[in-house]
Amino acid sequence: MEKIQRQYRIRGGLYGLLVGDALGVPYEFHSADEIPPYHEIEMTPPEGFSRAHQGILPGTWSDDGAQALCLLDSLSVCGRFCLGDFSDRLLAWYEEGKWAVDGEVFDVGIQTGEALTAYRSGLAPEKCGILRPDGRGNGALMRTLPLALWHGGTDKELVLAAHDQCRITHGNPCNQVCCALYCLTARYLTAGQEFAPAPARAVKVLRELYREMPDHERELEWSVRPELPWQGNGSGYVVDCLRSAFMILARAESYEEAVKQAVMLGDDTDTTACVVGGLAGIVYGEEGIPVRWLKTLRGREAVEGLLMSVLGN
């Protein structure tokens, strides 16, 4: 029974991420006061709403979901995290639409585009993510969940892998810390822990590990500020994105409520709903995701094969 429950949480996490991303896509770039009322937030926005990404069909995940699937694909093929292989798959997404629905790439972050262009030109992947050394967007956080769902090693090994997956596009230590905190929290939720204590447990582990990593310790204590209440505004700043997700998970009572609250923050709606949706999918399981949204989600057939690699790990 415990293994079956874990499988439901893993499936819920991946589909929660993809559904949240797809739900948020048409509302992106709108301020909170422009977002429709709670009961009108659906894959297809209400009539008259000026949706972002005209021409993109409802139920389509964006760069967030595609990059997460690239990561899971790389993990399943390599059997471990391999920066070179993952970077190759991200480049294949950027240039050829790998893991993008219908092979159509849209809404590429500026820092991600610059990093992958540099990688294509021959720059080492660990250097691509620091072309903008102060870049602190949420482009690595949005895709990191598959590490937590797949990884079978120690907490320290998961943390270091979370750091490493940032390096191709978002190498600043702040991004690495946020991804590590998110992955540890997701790991504890997958094991069945309630949400409220999970981030605190993750912070405790990071504080211990970061004693010998002063740059990361500084970012945890002075950027993430885990001693403060989790509050966020749904922006593209990685710390705000993480804080928004934790804020919502602490108060939401269902998957639907969680991702709709993410969209209602406005601004970077697809990524906030993606980051929230991954954790909410773990908490409430695949069965907690509204069937109407799962039926609308495009590209599900391709996802199932990848999920098998996770469930067999």
Side-chain angles (χ1 to χ4, degrees), residues 11-31 34-73 89-90 92-110 112-113 116 138-139 142-143 145-146 234 236 255-278 280-281 286 288-307:
R11 291 181 61 87
L14 188 61
Y15 276 122
L17 179 157
L18 295 171
V19 169
D21 179 12
L23 179 70
V25 163
Y27 303 98
E28 192 178 18
F29 310 130
H30 289 78
S31 62
E34 296 173 324
I35 300 295
Y38 178 93
H39 67 279
E40 294 185 6
I41 296 174
E42 291 291 341
M43 293 283 191
T44 300
E47 185 176 354
F49 180 79
S50 179
R51 59 178 295 161
H53 311 294
Q54 295 286 339
I56 298 299
L57 295 176
T60 302
W61 63 72
S62 70
D63 57 330
D64 307 46
Q67 290 186 40
L69 293 173
C70 284
L71 177 55
L72 185 55
D73 191 11
R89 292 175 194 276
L90 285 187
W93 158 75
Y94 186 54
E95 294 188 326
E96 305 162 17
K98 184 179 182 65
W99 289 110
V101 180
D102 297 333
E104 185 173 357
V105 176
F106 64 98
D107 194 25
V108 180
I110 294 174
T112 296
L116 292 178
N138 55 16
M142 70 189 191
R143 68 185 183 223
L145 181 65
Y255 175 87
E256 180 171 348
E257 184 179 339
V259 293
K260 282 190 173 183
Q261 285 190 25
V263 171
M264 291 180 70
L265 291 176
D267 197 1
D268 199 6
T269 52
D270 59 332
T271 299
T272 307
C274 166
V275 173
V276 169
E286 183 182 13
I289 302 174
V291 173
R292 69 186 186 278
W293 289 348
L294 286 171
K295 287 183 176 180
T296 305
L297 186 68
R298 306 176 66 232
R300 282 191 65 186
E301 300 81 4
V303 177
E304 282 297 319
L306 275 180
L307 269 171

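Side-chain atoms of H53 and T60, non-hydrogen and from C-beta on, never get closer than 4.5 Å to each other. When side chains are defined from C-beta on, E104 counts as touching I56, because their heavy atoms get closer than 4.5 Å. In this structure the side chain of L307 reaches within 4.5 angstrom of the side chain of L14, judged on heavy atoms. Residues E42 and P290 fail the side-chain proximity criterion, which asks for heavy atoms closer than 4.5 Å. Two residues are said to be in side-chain contact when any heavy atoms from C-beta on lie closer than 4.5 Å; L116 and E95 fail this criterion. Two residues are said to be in side-chain contact when any heavy atoms from C-beta on lie closer than 4.5 Å; E286 and Y255 fail this criterion. Using a 4.5 Å cut-off on side-chain heavy atoms (C-beta onward), L72 and V303 make no contact.
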Pair R143, D64 - check side chain to side chain contact (heavy atoms under 4.5 Å, CB included), show working. CA-CA 6 Å; R143 68 185 183 223; D64 307 46; over 6 Å; no

Between M142 and D21, is a side chain to side chain contact (heavy atoms under 4.5 Å, CB included) present by the stated rule, with each step listed? CA-CA 9 Å; M142 70 189 191; D21 179 12; over 6 Å; no

Would M43 and V19 count as a side chain to side chain contact (heavy atoms under 4.5 Å, CB included) here? Give the steps. CA-CA 9 Å; M43 293 283 191; V19 169; 3.9 Å; yes

Run the numbers on L297 and W293 for side chain to side chain contact (heavy atoms under 4.5 Å, CB included), then give the verdict. CA-CA 6 Å; L297 186 68; W293 289 348; over 6 Å; no

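Considering all non-hydrogen atoms of both residues, F49 and E34 come closest at CE1-O, 3.4 Å. When all heavy atoms of G12 and I289 are compared, the closest pair comes out as O-CD1, 3.8 Å. Among all heavy-atom pairs drawn from C274 and L17, the shortest one is SG-CG, 3.4 Å. In this structure, A262 and T272 approach most closely via the heavy-atom pair CB-CG2, 3.8 Å. Heavy atoms only, all atoms of each residue included: P146 and A68 are closest at CG-O, 3.3 Å.
Side-chain atoms of Q67 and W99 form no donor-acceptor pair, as typed in the model, at a separation below 3.5 Å.
Not a single donor-acceptor pair under 3.5 Å links the side chain of E40 to the backbone N or O of P37. A donor-acceptor contact shorter than 3.5 Å links the side chain of T269 to the backbone of G24. Looking only at distances, no side-chain donor or acceptor of Y27 sits under 3.5 Å from a matching main-chain atom of I35. Remark: the backbone N or O of V108 is not paired with any side-chain donor or acceptor of T112 at under 3.5 angstrom.
Remark: R89 does not engage E96 in a salt bridge, criterion side-chain N to carboxylate O under 4.0 Å.
Note that the CG atom of L145 and the CG atom of L18 stand 9.5 Å from one another [nearest 0.5 Å]. For the atom pair CG of D267 and CD of E28, the computed distance is 8.5 Å after rounding to the nearest 0.5 Å. To the nearest 0.5 Å, atoms CE (M264) and CD1 (I41) are separated by 5.5 Å.
With respect to W61, the side chain to side chain contact (heavy atoms under 4.5 Å, CB included) criterion is satisfied by exactly one of D270, L23, V101: V101.
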